[in-house]
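Keep in mind the model is a prediction, meaning the values are calculated, not measured.
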Amino acid sequence: MLESIKRWLADAPPQVPGWGDLSAWARSKQLTLRAVREPEGFVVEGRAGSIAWRLEWGPSQRSYIPGAELRIRAELSVPRELQALVLNRELMDSMEKAVFDQYVEGVQTRIDTTTPPEMRWLVMFPKLSGTELKTLRDGYGALSSYKPWLQQWLAGGLTPALAALPTSTERPLVMMIARRRLCVRTALAQPDPAALDAWLRLFECALQEAQRV
């Protein structure tokens, strides 16, 4: 009896608006959808060609993303030391101010490991100039441990895909490569199938362009 209850609890859907629509969407695309332990949240797993990806929706893991957060991750065949970051301009400006307030005005001389890597990188790695960012210069910032790789990553279809997105502090976007993993983070209050499809298209474009480089 106890084991039956445990199985029922494990299989129970999370408290997510439109869970039935999400299940139908996942089945139609042959994706794996499952619940997580959080009161609200789920995981979707799929493939882009030969590369497996994992999509997570649930409570935010970053202070700069309010409310619910969407995360999509995949492993890449890139040098392990490669680190790259693309984020919307307003978020970059607010992060830089937070880093300045904490470590300069606070007279703290070292950035500790509890600070998210995307914030630490703002003071560690060279940024692309407006000229180098081209059509992305007004809406985005970008930096990397190896700028030529980053420029090649943005040289193809990824730039128009990013330029087509609305950018604001209400919709922060972080796209980063670290430890051979591509990760996209953004705020997403309602995880409806149309929104998930749009973000997966962007992610798969970033994945494809990384493979090209």
Do you know which two heavy atoms are closest between Asp138 and Arg89, and how far apart they sit?
O-CB, 3.8 Å

Calculate, to the nearest 0.5 Å, the distance between atoms OG and CG belonging to Ser144 and Leu82 respectively.
5.0 Å

Between Leu182 and Leu207, does a side chain to side chain contact (heavy atoms under 4.5 Å, CB included) hold up when you go through it step by step?
CA-CA 7 Å; Leu182 169 65; Leu207 195 61; 4.0 Å; yes

4.5 Å side-chain heavy-atom contact, Leu33 and Trp19:
yes

Working note: Met95 + Met92, criterion side chain to side chain contact (heavy atoms under 4.5 Å, CB included); need CA distance, chi angles, decisive distance, verdict.
CA-CA 5 Å; Met95 279 186 177; Met92 186 176 76; 5.7 Å; no

Between Glu69 and Arg62, is there a salt bridge with N-O shorter than 4.0 Å?
no

Any chance you could lay out the side chain to side chain contact (heavy atoms under 4.5 Å, CB included) test for Val36 and Trp57, step after step, and finish with the verdict?
CA-CA 9 Å; Val36 294; Trp57 181 86; over 6 Å; no

Heavy-atom side-chain contact between Thr186 and Arg171 under 4.5 Å:
yes

Can you list everything that forms a ring-ring contact (aromatic ring centres under 6.0 Å, His included) with Phe203? Sequence neighbours excluded, please.
none

Run Arg71 and Glu56 through salt bridge (Lys or Arg N to Asp or Glu O under 4.0 Å) and show every step you take.
CA-CA 5 Å; Arg71 300 176 295 276; Glu56 301 171 346; 2.9 Å; yes

Could you pull out the closest heavy-atom pair between Glu75 and Ile51, with the gap in Å?
O-CG2, 3.7 Å

Residue Tyr146 excluded, over 12 heavy atoms near OH under 6.0 Å
no

Where Ala195 and Leu188 come nearest, the two heavy atoms and their spacing
CB-CD1, 3.9 Å

To the nearest 0.5 Å, tell me how far Arg185 CZ sits from Met176 CE.
7.5 Å

Single hit among Leu91, Ile65, Leu162 for side chain to side chain contact (heavy atoms under 4.5 Å, CB included) with Leu173
Leu162

Lys134: what forms a side chain to side chain contact (heavy atoms under 4.5 Å, CB included) with it, not counting sequence neighbours?
none

Non-hydrogen side-chain atoms of Trp53 and Leu31 separated by less than 4.5 Å:
yes

Does the side chain of Pro172 reach to within under 4.5 Å of the side chain of Leu87, using non-hydrogen atoms?
no

Rounded at 0.5 Å granularity, tell me how far CG in Asp197 sits from CG in Asp192.
9.0 Å

What one should report as the nearest heavy-atom pair of Glu81 and Ser145 is O-OG, 3.5 Å

Would you say that Glu118 contacts Met175 through its side chain, given a criterion of any heavy-atom pair below 4.5 Å between the two side chains?
no

Taking atom CG of Leu85 and atom CZ of Phe125, what is their separation to the nearest 0.5 Å?
9.5 Å

Taking every heavy atom of Ala52 against every heavy atom of Ala74, the minimum-distance pair comes out as O-CB, 3.5 Å

Quick check on Arg179: does its CZ atom have over 12 non-hydrogen neighbours (other residues, nucleotides or ligands) under 6.0 Å away?
no

Could you check whether any side-chain heavy atom of Arg120 comes within less than 4.5 Å of a side-chain heavy atom of Gln83, counting everything from C-beta outward?
no

Any side-chain heavy-atom pair of Leu22 and Leu196 under 4.5 Å
yes

Side-chain atoms of residues 149-159: list all donor-acceptor pairs with protein atoms under 3.5 Å, sequence neighbours left out, distances to 0.1 Å.
unit_1: Trp153; atom_1: NE1; unit_2: Ala206; atom_2: O; d: 3.0
unit_1: Thr159; atom_1: OG1; unit_2: Leu154; atom_2: O; d: 2.5

Which heavy-atom pair separates Ala163 from Tyr140 by the least distance, and what is that distance?
N-CE1, 4.5 Å

